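What follows is one structure encoded as structure tokens, with my remarks underneath.
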Protein chains: 2
Amino acid sequence: MRNAEFDREKVLRSAMIAFMDKGYAKTSMQDLKAATGLHPGSIYCAFENKRGLLLAALGQYREDRAQEFQHFFSDERPKLVQLKNYLEHVVQECISCQAAQACLLIKALNELAEQDDEVQAILIENIANWQTSIEDVFSQAIANKELTGERSAAKLSRFFVMGIYGLRTYAQTHPQADVMHELAEQLFSGLCQE
Amino acid sequence: MRNAEFDREKVLRSAMIAFMDKGYAKTSMQDLKAATGLHPGSIYCAFENKRGLLLAALGQYREDRAQEFQHFFSDERPKLVQLKNYLEHVVQECISCQAAQACLLIKALNELAEQDDEVQAILIENIANWQTSIEDVFSQAIANKELTGERSAAKLSRFFVMGIYGLRTYAQTHPQADVMHELAEQLFSGLCQE
DNA sequence: CTCTATCTTGAATGTTTATTCAAGATACTC
DNA sequence: GAGTATCTTGAATAAACATTCAAGATAGAG
């Protein structure tokens, strides 16, 4: 006979940012209260506990990223152009926001890998789905004759994904715009030529 | 009138492994006691506090890695062969040990970047030194005409380092030997050709 | 307008944690 | 071999933390 007052998506996005900033362990309930505006009791009522909030935030992250992916790959331009724009977007993300705000999936995997099997499994599945989506794009690029197909879509996508991991980590050490663009350039040209 | 009983290097290596396994925040003093064999009081006496132990462990890590680097690049073989062996060594490390035992520098940077400026500065400096060492090797390769020099040593080393970051992260998601070798192969051939 | 089911609040709880310190142990000096 | 400076020990301490819960607030039903 009364609805919850908070906006679930907003709360989850705030929690996402908090977890990305400080990591899961170092983000206290006080931090989460400050970030989300929800009092401890409400968080426990809505998400069971801190870990439940992380899981919910990961779900929101997955959805947000899926939508972003759609945005980059749903038009009619050549697949290679889309991929290049996507890569450029990653670089922008690395440069603009504080370096610490890396990909939540990778950040959480780094922190929780050997500590929480269930979370690890969820993270790895999400990452695998993302990689499969990238592979589909490469498959289409090959089907469109934008690439020769000499290197399989699977192989190309693995290299592309590895490159994004590398870019993200590199940005944490030297977040210089020109260097980042140069690296992305090198990475992309390695995919098309040869 | 009495010397410390513990072996400093052994203690620091144990602490390194503990920090790599669970991360800095989640490694409790109890964990550190179990890992190093030192009681809390001794740790505080020798390293001031938990953070001091991390700093000391980072120092040891730097030294160990420097020695390892020497081992790979001090013989008379072509620089490109040395680099390939070095890359292969990184891949082996990714495959063999539990995925979580990534590079301590990167792992710590991921966790502590925006939380401890002093540690962050130390980490970034260590990483920069490593990258400079790699750049020197590429410079020698160019001087030896193993590479054309069309792409500068700086540019090549940045790409190489980014590739290692990518490999390490990739291994955390799919630590399959054949895939890892394939990725390293692709990475290396991208440096030599074109 | 009243009632009640549901949500919100934040102080209290019990656990875990880093850190301290005084007592005990031990190796070196003279 | 006695004396002492130093190291080791682990229980005590105090702070920080996730979690609980009972009291208070509020929206919708009747």
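Residue numbers begin at 1 in each chain, while the letters A, B, ... track the order of the sequences. Since the model is a prediction, treat every value here as computed from it, not as a measurement. Both backbone and side-chain heavy atoms feed into the values below; hydrogens, waters and symmetry mates do not.
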- Item | B:D116 CG to B:L55 CG distance, which is reported to the nearest 0.5 Å | 7.5 Å
- Task: Hey, could you give me each pair passing salt bridge (charged side-chain N to carboxylate O under 4.0 Å, His left out) that has a residue in residues 23-42 of chain A? Not counting sequence neighbours.
- Result: A:K22-A:D31
Restricting both atoms to N or O, compile the protein contacts to nucleotides 13-17 of chain D shorter than 3.5 Å, with distance only.
none

Measure [atom1]/[X] against [atom2]/[N] and give the value in whole Å, please.
{"X": "B:D31", "N": "C:dT17", "atom1": "CG", "atom2": "P", "result": "8 Å"}
{"X": "B:F6", "N": "C:dA27", "atom1": "CZ", "atom2": "P", "result": "15 Å"}
{"X": "A:F47", "N": "D:dT20", "atom1": "CZ", "atom2": "C1'", "result": "18 Å"}
{"X": "A:L38", "N": "C:dT9", "atom1": "CG", "atom2": "P", "result": "8 Å"}
{"X": "B:I43", "N": "D:dT8", "atom1": "CD1", "atom2": "C1'", "result": "12 Å"}

- Results of salt bridge (Lys or Arg N to Asp or Glu O under 4.0 Å) for B:D75 - residues two or more places apart only: B:R77
- B:E135: side-chain hydrogen bond (donor to acceptor under 3.5 Å, both in side chains) partners, not counting sequence neighbours: none
- Query: Residues in side-chain hydrogen bond (donor to acceptor under 3.5 Å, both in side chains) with B:Q92, at least two apart?
  - Reply: B:E88
- When you check the phosphate oxygens OP1 and OP2 of D:dT20, does a side-chain N or O of A:Y44 lie under 4.0 Å from one of them? no
- Could you check B:N144 against B:Q140 for side-chain hydrogen bond (donor to acceptor under 3.5 Å, both in side chains), going step by step and ending with a plain yes or no? CA-CA 6 Å; B:N144 295 352; B:Q140 291 168 358; over 6 Å; no
Pull out every protein N or O sitting under 3.5 Å from an N or O of nucleotides 10-13 of chain C, one pair per line with the distance.
unit_1: C:dG10; atom_1: OP2; unit_2: A:H39; atom_2: ND1; d: 3.1
unit_1: C:dG10; atom_1: OP2; unit_2: A:H39; atom_2: NE2; d: 3.2
unit_1: C:dG10; atom_1: O6; unit_2: A:G41; atom_2: N; d: 3.3

- Message: Would B:K50 and B:Y24 count as a cation-pi pair here, with the cationic atom under 6.0 angstrom from the ring centre and within 45° of the axis?
- Response: yes
- Task: Would you please classify the geometry between the A:Y86 ring and the A:F73 ring as parallel, tilted or perpendicular, with 30° and 60° separating the classes?
- Result: tilted
